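No experiment lies behind these values; they were computed from the predicted model shown. All ligand and atom numbering here is 1-based and tracks the order in the structure.
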Amino acid sequence: MKVTDHLTRAAGRTLFSFEVLPPKKGENIHTLFSHIEPLLEFKPPFIDVTYHREEYVYRQHPNGLLEKKTVRRRPGTVGICAAIKNRFDVDTVPHLICGGFSKEETENALIDLNFLGIDNVLALRGDPIKSEGYFKPEPDGHSYACDLIGQVANLNKGEYLDEGQDDTWATDFCIGTAGYPEKHFESPNYAADLRHLKHKVDRGADYIVTQMFFDNEQYFSFERRCREAGILVPIIPGLKPLTTKSQLTMLPRSFYLNLPEELAEAVRLCPDNEAARQIGIEWCINQSRELMAHGVPCLHYYSMGKSESIRRVAAALF
Ligand code: FAD
C-alpha cells in the first residue's frame, strides 16, 4: 500500500515509521531483522531502506603502487525491501538515487520493484562520492532528484524509455522526496531550495520526508514556507535521537544541521555515552510530543543501524 494511503487512513492520528540501512556486505540479514523486530509493536505502516552507492578505495600493492578500486559496502536495497515486506508483512520504501545509475538502470530497478509488489520509492539525488568534491551524474543519468521523479512519474503513465507509451504497462508508485528544514547545503538560500522542492512536487512527488532536525522551530518554519509556496503534499518530519557524545560534531558535519545550544551543552557535560544517550532520547521524546500535538501525519526515525534508542522513544509515545 502507498505511504500516502497509510497517511489518509490514519485520519489525523500520527503514525510511526523508521529507516534502516542494508547490512554491510558479508553480514547476515538476520541482524537487520533483529533490529526491526523490537519496533514492530509500534505498528509501523512502512519501513524505509536506504541506498548506498559505491565508494572509491585505494589498495596498496607490495611494490608500493596504489590501485583505485570501486567498492559497495551496503548493496541490496531492493532485495532487502522485498525480504522485509515478506517477512513482516509491512510496506517498504526503497531509496532510489540518481548517483551511479543510468536512466536505463533506473528503469530496470523500477521494473524489479514493481514485480516485487513494492508500491513506494523515495527518489533522491544522492551525495557526491567521498573522493569527489561535487555530485557527478552518470553520462546517461539524472543530475537532480526532480528528473528521477519525472522518470518514475512517466513510468506511472506507462512511458518507458524505449517502448513509447502503453497504459497497460503503467506502474503506480507513490513517490517520496527529501526536504531540508535547514536548507540543503548546496543551495545558495532558502528561496532557491524551496523553489527546487516545489519543482520536485510539481514533477510528481506525493510526499516529503525531511532531513533530521533537533529544533522544532526549524520544522514549523519550513512547513509554513512550503505551504506559502503552494507545496501542499504531506510533510513527514525526520527525527533522530542523539546517541553518542561524538555525534555533537559528527551530525552537523555530515548532515549540515544545527544542534540547539541547550542540547549541545547538556551532552557536552555528560560523563559518558550512556548519559548522552539518555539526554538524546529525552530530547527526541519532547520533540516528538510537540510535533504530534502540532498534528504531523507521521514521525519518521533515522536508525543509522541502531534501533534501541528509537524503541525507547517510541515506547514513550505510541
Ligand atoms: P535534489 O533535490 O536534486 O537537490 C540537490 C541540490 O540541488 C539542492 O541544493 C537543490 O536545491 C538543488 N537543485 C535541485 N534541483 C535543481 C535544479 N533543477 N537546478 C539547480 N539546482 C537544483 N542519500 C543516499 O545516498 N542514500 C539514501 O538512502 C538517502 N536517503 C535520504 C533520505 C532523506 C529523508 C534525506 C533528507 C536525504 C537522504 N539522502 C540519501 C541524502 C541525499 O541524497 C542528499 O542530501 C543529496 O545531497 C541531495 O539529495 P536530494 O534528493 O535532496 O537532491
Side-chain angles (χ1 to χ4, degrees), residues 3 17-23 46-55 72-78 80-81 92-101 106 109 120-130 132-138 141-152 175-214 218-219 222 225-226 229 231 233-240 251-257 296 298-305:
V3 167
S17 70
F18 61 96
E19 167 186 298
V20 296
L21 278 58
F46 57 91
I47 298 173
D48 278 48
V49 181
T50 56
Y51 189 92
H52 298 260
R53 67 176 297 183
E54 74 280 10
E55 293 170 29
R72 283 195 59 208
R73 296 184 202 280
R74 293 181 187 271
T77 299
V78 170
I80 288 163
C81 280
T92 45
V93 185
H95 292 190
L96 208 59
I97 64 171
C98 304
F101 279 81
T106 297
N120 305 283
V121 291
L122 188 72
L124 302 144
R125 187 197 68 180
D127 280 325
I129 295 185
K130 283 197 187 95
E132 293 177 345
Y134 60 96
F135 178 80
K136 288 189 194 151
E138 291 303 295
H142 296 300
S143 301
Y144 295 106
C146 58
D147 300 321
L148 172 57
I149 290 167
Q151 185 176 4
V152 186
I175 311 171
T177 188
Y180 301 83
E182 299 184 60
K183 181 181 94 53
H184 185 262
F185 67 99
E186 291 170 25
S187 269
N189 53 54
Y190 283 109
D193 209 30
L194 209 59
R195 196 169 58 248
H196 294 138
L197 181 57
K198 169 98 168 56
H199 187 51
K200 292 197 284 188
V201 173
D202 291 345
R203 295 284 303 265
D206 298 300
Y207 71 100
I208 296 167
V209 187
T210 76
Q211 182 58 280
M212 66 182 81
F213 56 89
F214 291 84
Q218 298 282 358
Y219 175 83
F222 172 71
R225 282 183 282 115
C226 283
I231 299 171
V233 296
I235 305 178
I236 299 177
L239 296 176
K240 177 188 153 37
L251 293 176
R253 193 172 58 233
S254 304
F255 299 104
Y256 306 92
L257 47 81
V296 298
C298 180
L299 288 168
H300 184 72
Y301 295 92
Y302 294 101
S303 77
M304 289 170 72

> Out of curiosity, Leu194 CG to Asn189 CG, how far, rounded to the nearest 0.5 Å?
Replying inline: 10.0 Å

> Within the distance-only criterion (no hydrogens, no angle test), does the side chain of Asp193 pair as donor or acceptor with the backbone N or O of His184 below 3.5 angstrom?
Replying inline: yes

> When the ring centroid of Tyr51 is compared with that of Phe101, is the distance short of 6.0 Å?
Replying inline: yes

> Counting only non-hydrogen atoms of the protein, does one fall under 4.0 Å from atom 4 (O) of ligand 1?
Replying inline: no

>> Once you restrict to heavy atoms under 4.0 Å, what part of Arg125 touches ligand 1? Side chain, backbone, both or neither.
In response: both

> In terms of residue, atom name and distance, what is the protein heavy atom nearest to atom 47 (O) of ligand 1?
Replying inline: Asp127 OD1, 2.6 Å

> Hey, what's the ring geometry for Phe222 with Tyr219, parallel, tilted or perpendicular (30° and 60° as the breaks)?
Replying inline: tilted

>> Assess whether a salt bridge exists between Arg53 and Asp127, defined as any Lys/Arg side-chain N lying under 4.0 Å from an Asp/Glu carboxylate O.
In response: no

> Where's the contact between Lys200 and ligand 1, heavy-atom distance under 4.0 Å: side chain, backbone, both or neither?
Replying inline: side chain

> What atoms of ligand 1 come closer than 4.0 angstrom to any heavy atom of His184?
Replying inline: 5 (C), 6 (C), 8 (C), 9 (O), 45 (O), 46 (C), 47 (O), 48 (C)

> Between Leu122 and ligand 1, which residue portion shows a heavy-atom distance shorter than 4.0 Å: side chain, backbone, both, or neither?
Replying inline: side chain

>> Assess the residue pair Glu186 and His196 against the criterion (side chain to side chain contact (heavy atoms under 4.5 Å, CB included)); give the C-alpha distance rounded to whole Å, side-chain angles, the decisive distance to 0.1 Å, and a yes or no.
In response: CA-CA 12 Å; Glu186 291 170 25; His196 294 138; over 6 Å; no

> Taking the minimum heavy-atom distance to atom 30 (N) of ligand 1, which of His95, His142, His52, Arg74 ranks first?
Replying inline: His95

> Does Arg53 come within less than 4.0 Å of ligand 1, judged by its heavy atoms?
Replying inline: no

> Given that the side chain starts at C-beta and the backbone is N, CA, C, O, which of these parts of Phe135 lies under 4.0 Å from ligand 1, counting heavy atoms, or is it both or neither?
Replying inline: neither

>> Quick check on contacts: which atoms of ligand 1 are under 4.0 angstrom from a heavy atom of Tyr302?
In response: 33 (C), 34 (C)

